[in-house]
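Here, residue 1 is the first one in the sequence, and each next residue gets the next number. Remember, it's a predicted structure, so these values are computed and weren't measured experimentally.
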Amino acid sequence: LMLISGLVYAQSFNSGSEPDGFRGVKWGQDVSTVDGLIYQFSNGDNDFYFRSNDELKMGAAELNMITYVFWRDKFSGVMLFADGSSNWKNLKAVVFAKFGKGYQENEYIEKYVWRGIKVGMVLKYNEFSEEGTFAMVSMEELFKQQKWEEEQNKKGVEEGW
């Protein structure tokens, strides 16, 4: 959900760079078809995993964790976490080189946003905690989730009273 805020003003991608997944896992792919997943936790209909065979690097950036998000068993997003200013700078450099510089609403806040047809992304850094996060979400899966939630809320209004 942190990704949704800011997508309205997002920057588009470098030509041809919009990803259709992450490290061989395609948006919408069923959880049962992804090798090496290790369950972390659930939050509603979202299940969070990491992969046993993931290299925790992105360019020269050392990552703390890569978390794969599955909504109702379909791959819907991924989050990369990096601590320390050096790892942040390296992660930012890789992301910018691959996708272009995202939209930055406030030049004093390290938060960049991209929105494409297939994916929305947020890259942000907290200079006080020195924590960097890069998140990607499938737009198709996000819209499916939003539609499902709207339907559930409508049912609640009709049946819950």
- Item | Salt-bridge contact K124-E131 (side-chain N to carboxylate O under 4.0 Å) | no
- Check whether any side-chain N or O of N43 sits under 3.5 Å from a backbone N or O of N46 as a donor-acceptor pair, and report yes or no. no
- Query: Can you tell me if Y125 and K89 form a side-chain donor-acceptor pair at under 3.5 Å?
  - Reply: no
- Query: When rounded to the nearest 0.5 angstrom, what distance separates CG in D45 from CD in Q152?
  - Reply: 8.5 Å
- Donor-acceptor pair between E149 and Q145 side chains, under 3.5 angstrom: yes
- Query: Charged N to carboxylate O under 4.0 angstrom, E140 versus K144?
  - Reply: yes
- Please round to the nearest 0.5 Å and tell me the distance separating atom CG of N64 and atom CG of D83. 4.0 Å
- Item | Backbone N/O of P19 and side chain of W27: donor-acceptor pair under 3.5 Å | yes
- Message: Looking at every non-hydrogen atom in both residues, tell me the closest pair between F143 and R115 and how far apart they are.
- Response: CZ-NH2, 3.2 Å
- Query: Got a salt bridge between D20 and K118, using NZ or NE/NH1/NH2 to carboxylate O under 4.0 Å?
  - Reply: no
- Query: With distance as the sole criterion, is a donor-acceptor pair present between the side chains of D47 and Y68 under 3.5 Å?
  - Reply: no
- Message: Distance check, rounded to the nearest 0.5 Å: L142 atom CG versus S76 atom OG?
- Response: 8.5 Å
- Residues I117, M139; criterion side chain to side chain contact (heavy atoms under 4.5 Å, CB included); working and verdict: CA-CA 7 Å; I117 302 299; M139 297 308 294; over 6 Å; no
- Message: When you group the ILVMFWY residues by side-chain heavy-atom contacts below 4.5 Å and let the links chain together, are V78 and W71 in the same group?
- Response: no
- What are the two closest non-hydrogen atoms of N87 and A61, and how far apart are they? O-CB, 3.4 Å
- Least distance between heavy atoms, E107 atom then Q104 atom: O-NE2, 3.5 Å
- Can you tell if the side chain of V122 reaches within under 4.5 Å of the side chain of K111, non-hydrogen atoms only? yes
- Kindly give the heavy-atom pair with the smallest separation between M58 and L91, and that separation in Å. CG-CD1, 3.8 Å
- Separation between CD1 (I109) and CD (E127), nearest 0.5 Å, reads 9.0 Å
- Can you label the angle between the F41 ring and the F48 ring as parallel, tilted or perpendicular, going by 30° and 60°? parallel
- Message: Less than 4.5 Å apart, side chain to side chain, heavy atoms only: is that true for F81 and T67?
- Response: yes
- Task: Examine V94 and F22 and state if one hydrophobic cluster contains both, with Ile, Leu, Val, Met, Phe, Trp and Tyr joined whenever side-chain heavy atoms are less than 4.5 Å apart.
- Result: yes
- Query: Within a radius of less than 6.0 Å around CG of D35, do more than 12 heavy atoms belonging to other residues, nucleotides or ligands occur?
  - Reply: no
- Would V31 and Y39 show up in the same hydrophobic cluster when neighbours are defined by side-chain heavy atoms closer than 4.5 Å? yes
- For K57, does the NZ atom sit with more than 12 other heavy atoms under 6.0 Å from it, leaving out its own atoms? yes
- Compute whether any side-chain donor of one residue and acceptor of the other, for E110 and Y108, lie under 3.5 angstrom apart. no
- Query: With the 4.5 Å side-chain cut-off for hydrophobic clustering, are V137 and W148 part of the same group?
  - Reply: no
- Mind checking whether Y112 and F96 have ring centres under 6.0 Å apart? yes
- Let me see the working for R23 and I66 under side chain to side chain contact (heavy atoms under 4.5 Å, CB included), right down to the final yes or no. CA-CA 11 Å; R23 290 191 174 175; I66 301 172; 3.2 Å; yes
- Query: Are L56 and W88 connected, step by step, through hydrophobic side chains (Ile, Leu, Val, Met, Phe, Trp, Tyr) whose heavy atoms are closer than 4.5 Å?
  - Reply: yes
- Message: Using a 3.5 Å distance criterion without hydrogens, assess whether the side chain of Q29 forms a donor-acceptor pair with backbone atoms of K74.
- Response: no
- What do the steps show when you test V69 against Y49 for side chain to side chain contact (heavy atoms under 4.5 Å, CB included), and what is the final call? CA-CA 7 Å; V69 183; Y49 297 84; over 6 Å; no
- Query: Under 30°, 30 to 60°, or over 60°: which ring-plane class applies to F134 and W114, parallel, tilted or perpendicular?
  - Reply: perpendicular
- Message: Working note: F70 + V34, criterion side chain to side chain contact (heavy atoms under 4.5 Å, CB included); need CA distance, chi angles, decisive distance, verdict.
- Response: CA-CA 11 Å; F70 290 79; V34 181; 4.1 Å; yes
